[in-house]
Amino acid sequence: MVGQSRKWMILIATTWIQAFTGTNFDFSSYSSTFKSVLGLSQVQLNYLSVASDMGKAFGWCCGVSLAWLPLWAVLFMSAFFGVFGYGLQWLLIKQLIALPYFLVFLLCLVAGCSICWFNTVCYVLCIRNFPTNRALALPLTIAFNGVSAALYTLIANAIDPDDDTLYLVLNAFVPLLASSLAVVPIVRQPPLQLRSAGVTSWDSFIFVVLNVLAVFTGLYLLLLNSLSSQAFRARILLVGALILLLLPLCFPGIVCGRNWARHTFHTAFCLEGSTFSLVDPDDLDQLHKELIGNDPINRSIVDPFSVRNEEGFLGMITEKGRLKLLGEEHPAKLVVRRWDFWLYYAAYFCGGTIGLVYSNNLGQIAESLGYYSRISMVVTLYSTFSFFGRLLSAAPEFLRDKVYFARTGWLAVAMVPTPIAFFLLASSGSEVALHVGTAMIGLSSGFVFSAAVSITSELFGPNSVSVNHNILITNIPIGSLLYGLLAALVYDSNAESTSEQENLLEEAMVCMGRDCYLQTFIWWGCISLLGLISSFLLFLRTRPAYDDYERNNSRAQFS
């Protein structure tokens with residue numbers, strides 16, 4: 001009884017951590033001020049955003065640390081990385097200290113490492129406490145990472161709407177505060193317990209309610225954030241947002257009360273219906289044995305790199321060494337030898353990562369189009385739609401009893417809006433096009449970020465996800481460098497041609513006009529098309545494994 005309520009407390013604590021640690025989403029809110037104070041070119045500013053993303057390349061260190069240190073210790077290490085990285089950046093932007101550019105680069109890298117470590121801790125908490133419902137727990141908690149920019153905008157406006165430097169001091173200390181509040185249920189983490197069908201169905205019902213509440217929270221932040229330009233109204237809206245974040249605390253009490261009533265009064269009441277949950281781990285092991293021992297198609301699992309004789313290039317791409325079984329544990333050395341992994345890597349590299357680079361450039365994009373006063377609104381729009389995209393990544397679990405579709409297929413569908421959005425932005429520089437394109441890219445990239453954790457778990461094993469997923473996201477710093485450098489070079493080349501028209505912001509050159517990002521949008525659109533193709537090929541390769549899993553899952557349920 002107590003264990004069941006504690007796991008929900010851990011889920012709620014994880015949403016708090018995610019909601020206040022997505023500090024990379026608010027970079028565009030203060031990037032122009034940062035650029036002005038330090039007198040940076042766009043290329044130099046891009047390198048700082050790359051440094052933040054490079055922190056994700058060290059995410060595997062968190063996975064290794066979790067094998068030797070208690071989870072709460074790793075959580076606070078993540079928080080102190082942020083205090084150090086963002087705190088010194090705030091002192092720098094307030095001109096209280098002076099540092100060479102190289103040390104500023106290192107500070108951004110440490111801050112980015114903090115974000116990645118927080119995410120890894122949250123992934124591990126969800127997988128440990130919801131082994132059969134991780135595909136529901138992960139998208140729900142990861143989604144709240146997308147509201148960070150909106151929350152930080154409310155907090156900053158509640159303190160001083162005219163001070164953009166507040167974001168850095170908030171980035172330093174708010175995650176530490178959130179970690180301190182969340183550590184109590186994490187330290188008292190319950191042991192894993194086998195659950196009855198009634199408990200599982202009740203869990204599914206709670207997930208439905210939590211998702212509905214999350215949607216309401218996202219709409220609240222999206223629709224009312226534009227009213228937060230005045231400090232008094234921002235404070236009122238911030239109180240409302242915090243109430244919405246605290247509201248799920250009632251669910252652990254409901255779980256305890258329900259279990260107490262069932263044990264006390266021996267009631268036979270239970271919620272019937274779909275559980276939306278993955279098969280129990282014991283059943284999964286049994287399915288693995290059946291697949292390996294009885295299914296002649298899957299006996300080739302002994303040689304995971306076997307090649308079926310198919311004619312044509314497409315046949316080779318979709319058949320060579322493809323996965324035969326979901327949930328099989330893959331050590332890192334085996335993962336990097338998989339064709340499926342590299343297709344997955346390319347899809348993420350050309351899909352989700354390019355959306356993140358777009359968000360890093362939102363401040364300069366809005367400024368170049370003449371919407372400098374709307375930067376916070378555009379950043380909030382991206383962040384909030386990223387939140388909704390992350391929530392939507394749970395849709396396959398809720399729909400699996402009615403419409404079953406491989407999760408890699410949903411990933412391919414989610415990548416469709418990104419190239420459309422970039423070509424829309426290239427064709428029009430209007431404010432409507434900026435808002436629509438930003439919303440589409442946020443929705444698509446948010447889905448990719450969230451779904452990727454579940455896909456990594458399913459394709460390469462849930463127990464190895466803390467290392468394997470961090471190998472996957474090494475594409476983020478690479479993409480941030482390449483895509484961001486492309487955008488910065490185009491931006492600076494156009495800024496030089498307009499520098500005589502009084503478009504200087506102190507020492508930093510500012511580019512004005514559609515040409516600043518026109519070529520970049522076209523290139524990004526073409527690259528995102530490659531990501532869409534890669535995701536479609538991944539779907540073709542993994543669909544048989546998903547189909548086999550679903551057939552055996554149905555067989556186990558009927559038996």
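For clarity, every value in this text was computed on a predicted model and none was experimentally measured.
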- Message: Pair Gln89, Cys108 - check side chain to side chain contact (heavy atoms under 4.5 Å, CB included), show working.
- Response: CA-CA 8 Å; Gln89 286 183 63; Cys108 293; 3.7 Å; yes
- Message: Asn171 vs Tyr30, test: side chain to side chain contact (heavy atoms under 4.5 Å, CB included). Steps then yes/no.
- Response: CA-CA 12 Å; Asn171 287 354; Tyr30 62 86; 4.0 Å; yes
- Message: Go through it in stages, so that I can follow the logic: the residues are Arg338 and Leu459, the test is side chain to side chain contact (heavy atoms under 4.5 Å, CB included), and I'd like the CA-CA distance, side-chain angles, deciding distance and then a yes or no.
- Response: CA-CA 11 Å; Arg338 283 284 191 188; Leu459 296 184; over 6 Å; no
- Quick one: do Glu458 and Tyr546 satisfy side chain to side chain contact (heavy atoms under 4.5 Å, CB included)? Show the steps, please. CA-CA 9 Å; Glu458 291 174 353; Tyr546 275 95; 2.6 Å; yes
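Between Asn129 and Lys7, the shortest heavy-atom contact is O-CD, 4.1 Å. Closest non-hydrogen pair, Asn470 versus Cys116, comes out as OD1-SG, 3.3 Å. Summarising the geometry of Ala137 relative to Leu11, their closest heavy-atom pair is CB-CD1, 4.0 Å, with the distance given to 0.1 Å. Between Arg407 and Ala451, the closest heavy-atom pair is CD-O, 4.4 Å. Scanning all heavy atoms of the two residues, the minimum distance from Leu538 to Leu343 falls at N-CD1, 4.1 Å. When all heavy atoms are compared, the tightest approach of Pro139 to Arg390 is CB-O, 3.5 Å.
Within the 4.5 Å cutoff, side-chain heavy atoms of Cys126 are placed close to those of Thr14. Put simply, the side chain of Tyr101 reaches to within 4.5 Å of the side chain of Leu48, judged on heavy atoms. By the 4.5 Å heavy-atom criterion applied to side chains, Val110 and Tyr86 are not counted as neighbours. At least one side-chain heavy atom of Phe34 sits less than 4.5 Å from a side-chain heavy atom of Val104. Proximity of Ser179 to Phe118: side-chain heavy atoms (C-beta onward) are separated by under 4.5 Å at one or more points. Side-chain contact between Leu151 and Val174: absent, with no pair of heavy atoms (C-beta onward) separated by less than 4.5 Å. Under the 4.5 Å side-chain criterion, counting only non-hydrogen atoms from C-beta, Leu177 is not in contact with Phe173. In this structure, the side chains of Leu136 and Asn211 stay at 4.5 Å or more apart for every pair of heavy atoms.
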Return a table of donor-acceptor pairs under 3.5 angstrom between the side chains of residues 352-362 and protein atoms on other chains or two or more places apart.
| from | atom 1 | to | atom 2 | distance (Å) |
| --- | --- | --- | --- | --- |
| Thr353 | OG1 | Tyr348 | O | 3.4 |
| Thr353 | OG1 | Asn475 | OD1 | 2.4 |
| Tyr358 | OH | Thr438 | OG1 | 2.7 |
| Ser359 | OG | Leu356 | O | 2.6 |
| Asn360 | ND2 | Asp53 | OD2 | 3.4 |
| Asn361 | OD1 | Tyr517 | OH | 3.2 |
| Asn361 | ND2 | Val357 | O | 2.9 |

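Ring pair Phe341/Tyr345: centre-to-centre distance below 6.0 Å. In summary, the aromatic rings of Phe521 and Phe423 are positioned with their centroids too far apart to meet the 6.0 Å limit. Between Tyr382 and Phe385, the gap from one ring centroid to the other reaches at least 6.0 Å. Between Phe207 and Trp8, the ring centre distance stays below 6.0 Å.
Inspection of the Thr418 and Ser444 side chains reveals an N or O donor paired with an N or O acceptor under 3.5 Å. Between Gln42 and Lys35, the side chains place a donor N or O and an acceptor N or O closer than 3.5 Å (distance only, hydrogens not considered).
In this structure, Ile455 CD1 and Tyr344 OH are separated by 5.0 Å, a value rounded to the nearest 0.5 Å. Residue Ile17 holds its CD1 atom at 7.0 Å from OG1 of Thr21, rounded to the nearest 0.5 Å. Put simply, OG on Ser52 and CG on Leu107 are 11.5 Å apart, with the number rounded to the nearest 0.5 Å. Between atom CG of residue Leu425 and atom CD1 of residue Ile420 there is a gap of 12.0 Å, rounded to the nearest 0.5 Å. Between Leu109 atom CG and Cys113 atom SG the span is 7.0 Å, to the nearest 0.5 Å. With rounding to the nearest 0.5 angstrom, the CD1 atom of Ile522 is 12.0 Å from the CD1 atom of Ile527.
Of the possible donor and acceptor atoms, one in the side chain of Ser114 sits under 3.5 Å from a partner among the backbone N and O of Ser78. Although no hydrogens or angles enter the test, the distance criterion places no donor-acceptor pair under 3.5 Å between the side chain of Thr141 and the main chain of Thr15. In this structure, the side chain of Ser450 does not engage the main chain of Phe447 through any donor-acceptor pair within 3.5 Å. Judged purely by atom type and a 3.5 angstrom limit, Trp117 has no side-chain atom pairing as donor or acceptor with the backbone of Val74.
Crowding of Trp342 atom CH2: a count of heavy atoms from other residues, nucleotides or ligands under 6.0 Å exceeding 12. At most 12 non-hydrogen atoms from other residues, nucleotides or ligands lie less than 6.0 angstrom from CZ of Phe84. Within 6.0 Å of atom CD in Gln519, 12 or fewer heavy atoms from other residues, nucleotides or ligands are found, so the atom counts as exposed in its surroundings.
When each of Asp26, Thr380, Val147 is tested with Tyr152 by the rule side-chain contact (heavy atoms from CB on, under 4.5 Å), just one qualifies, namely Asp26.
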